[in-house]
Amino acid sequence: MSLKIVTWNVNSIKMRLQHLLEFIESNDPDIICLQELKCETDKFPSDELSHLPYNLYIHGQKTYNGVAILSKIPADEIKNNFDKNPIPDQARFIECSFLTSIGYIRVISLYAPNGGEVGSDKFINKLKFYDAFTDYIQSAKSFEEQLFIGSDFNIAPYDIDVYNPAKLQDTTCFTYEEQKKLRTILNSGFVDNFRILHPTKNEFSWWDYRAGALEQNMGMRIDSIISTSNAVAHLVDCKIDYHTRTKDKPSDHAPVIAEYHNISQ
DNA sequence: ATGGTCGGAACCCGA
């Protein structure tokens, strides 16, 4: 039995509905974490997805933010926020639990703050958001469960995750201060599912709409699926779906796809 | 190259 989990910042679910339908048709994922819906919960295009076998768990918001988890398996526990979130009015978190072929799992779809200008109030809030989120996932970890986080982290953790580390040094999403936050998570029992399978790949998940960034491959790997280490034994594949980013009127982010196989205990 | 392009909202803000 196989389980496929996806994370994708769609940059408006209404604008990206057709790409989402095509992506599902091509990849048939079991669980889809979406970010930047830019859509209120009750305005989510549920009817347009009703022919598909997904349960929809939406934490929407008008204009900005908004996250969702779409799952073939119904969730038995749903949370819309985490303890001590310094910006709880922004819809950046949803968590669901599922009984799957690889065991009991908990999945978070997270949209971390961009941070704006380095040193700004937004930037400070981004760091505080990470501190609270890190505390939360450390407390949520359990021996029995596997925890997966599909996220636009808005941080590229290492030099290999950007097109030009020297040029990007000290810019938002690539300051050492931000990297420390994500690396703290990755050094405390969480595994970057793409990086562990591809230690030397210089691939990206986001390219700016401006200045021909995609054509020059000026990108950053800021979207990832990370999991507790107890899930890594099941991990068989993790890739970035560049093709979706090359379509007409795309999101500025590419989906990340991870696949897990059941291993008998 | 302190630009550039999107999406959503109301002609600017966030990314």
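Just so we're on the same page: letters track the sequence lines, and every chain starts at 1.
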Visitor: Please report the distance separating the C1' of B/dC11 from the corresponding atom of B/dC6, rounded so that it comes out in whole Å.
Guide: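 Going atom to atom, C1' in each nucleotide, I get 16 Å.
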
Visitor: Measure CD/A/Q90 against P/B/dG14 and give the value in whole Å, please.
Guide: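 So the CD-P distance, A/Q90 to B/dG14, works out to 10 Å.
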
Visitor: Taking only heavy atoms on the protein side, list every residue of residues 163-177 of chain A lying under 4.0 Å from any atom of DNA chain B, sorted numerically.
Guide: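 Heavy-atom cutoff 4.0 Å gives no residues at all.
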
Visitor: Salt bridge between A/E22 and A/K247, side-chain N to carboxylate O under 4.0 Å?
Guide: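 Judged by the 4.0 Å cut-off on N to carboxylate O distance, A/E22 and A/K247 do form a salt bridge.
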
Visitor: One thing to verify: whether A/E145 and A/R106 come together as a salt bridge, which I'm taking to mean a side-chain N less than 4.0 angstrom from a carboxylate O.
Guide: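 Salt bridge flag = yes for A/E145 with A/R106.
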
Visitor: Any luck finding a side-chain donor-acceptor pair between A/Y136 and A/D131 under 3.5 Å?
Guide: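 Their side chains do not contain a donor-acceptor pair, so the 3.5 Å distance test is not met.
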
Visitor: Once you round it to whole Å, what is the distance between C1' of B/dG14 and NZ of A/K126?
Guide: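 So the NZ-C1' distance, A/K126 to B/dG14, works out to 13 Å.
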
Visitor: Should the ring pair A/W8 and A/F23 be called parallel, tilted or perpendicular, given that the plane angle runs from 0 to 90° and is split at 30 and 60?
Guide: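 A/W8 vs A/F23 ring planes: tilted.
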
Visitor: Could you check whether A/D152 and A/W206, counting side-chain N and O atoms only, form a donor-acceptor pair closer than 3.5 Å?
Guide: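 Not at all, the side chains of A/W206 and A/D152 share no donor-acceptor pair under 3.5 Å.
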
Visitor: Between B/dG8 and B/dG4, how far apart are the two P atoms, rounded to whole Å?
Guide: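 Taking atom P in both B/dG8 and B/dG4, they lie 22 Å apart.
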
Visitor: Measure CH2/A/W207 against P/B/dC6 and give the value in whole Å, please.
Guide: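 Atom-to-atom, A/W207 to B/dC6, this comes out as 16 Å.
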
Visitor: Taking the P atom in each of B/dA9 and B/dT5, what is the distance between them to the nearest angstrom?
Guide: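 Between the two P atoms, the distance is 22 Å.
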
Visitor: Hey, which sits more toward the 5' end of DNA chain B by its nearest nucleotide, A/R210 or A/E36?
Guide: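 Its nearest nucleotide lies further toward 5', so the answer is A/R210.
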
Visitor: Show each protein N/O and nucleotides 7-10 of chain B N/O combination with a separation under 3.5 Å, one pair to a line.
Guide:
unit_1: B/dG7; atom_1: OP1; unit_2: A/R16; atom_2: NH1; d: 3.2
unit_1: B/dG7; atom_1: OP1; unit_2: A/R16; atom_2: NH2; d: 3.3
unit_1: B/dG7; atom_1: OP2; unit_2: A/K249; atom_2: NZ; d: 3.2
unit_1: B/dG7; atom_1: O3'; unit_2: A/S12; atom_2: OG; d: 3.1
unit_1: B/dG8; atom_1: OP1; unit_2: A/S12; atom_2: OG; d: 2.1

Visitor: For the C1' atoms, the ones on B/dA15 and on B/dG3, what distance do you get once it is rounded to whole angstrom?
Guide: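 Their C1' atoms lie roughly 16 Å apart.
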
Visitor: Between A/R221 and A/E203, does at least one N-O distance fall below 4.0 Å, as a salt bridge requires?
Guide: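 The answer is no: the pair does not qualify as a salt bridge.
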
Visitor: Side chains of A/N11 and A/K38: donor-acceptor distance under 3.5 Å anywhere?
Guide: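 Judged by distance alone, the side chains do pair up.
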
Visitor: Using a distance-only test with no angle check, is there a side-chain donor-acceptor pair under 3.5 angstrom linking A/Q35 and A/S151?
Guide: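 No, A/S151 and A/Q35 have no side-chain donor paired with an acceptor closer than 3.5 Å.
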
Visitor: Flag the pair A/K122 and A/E117 as a salt bridge only when some basic side-chain nitrogen lies within less than 4.0 angstrom of an acidic carboxylate oxygen.
Guide: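 No salt bridge links A/K122 with A/E117.
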
Visitor: Whole angstroms only, please: what is the CD-P distance between A/E117 and B/dA15?
Guide: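 Value for this atom pair: 11 Å.
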
Visitor: In whole Å, what is the span from the CG atom of A/D208 to the P atom of B/dT2?
Guide: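 Checked: the CG to P distance equals 15 Å.
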
Visitor: Figure out the CG/C1' separation between A/D223 and B/dA15, and round it to whole Å.
Guide: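 It is 13 Å, rounded to the nearest whole Å.
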
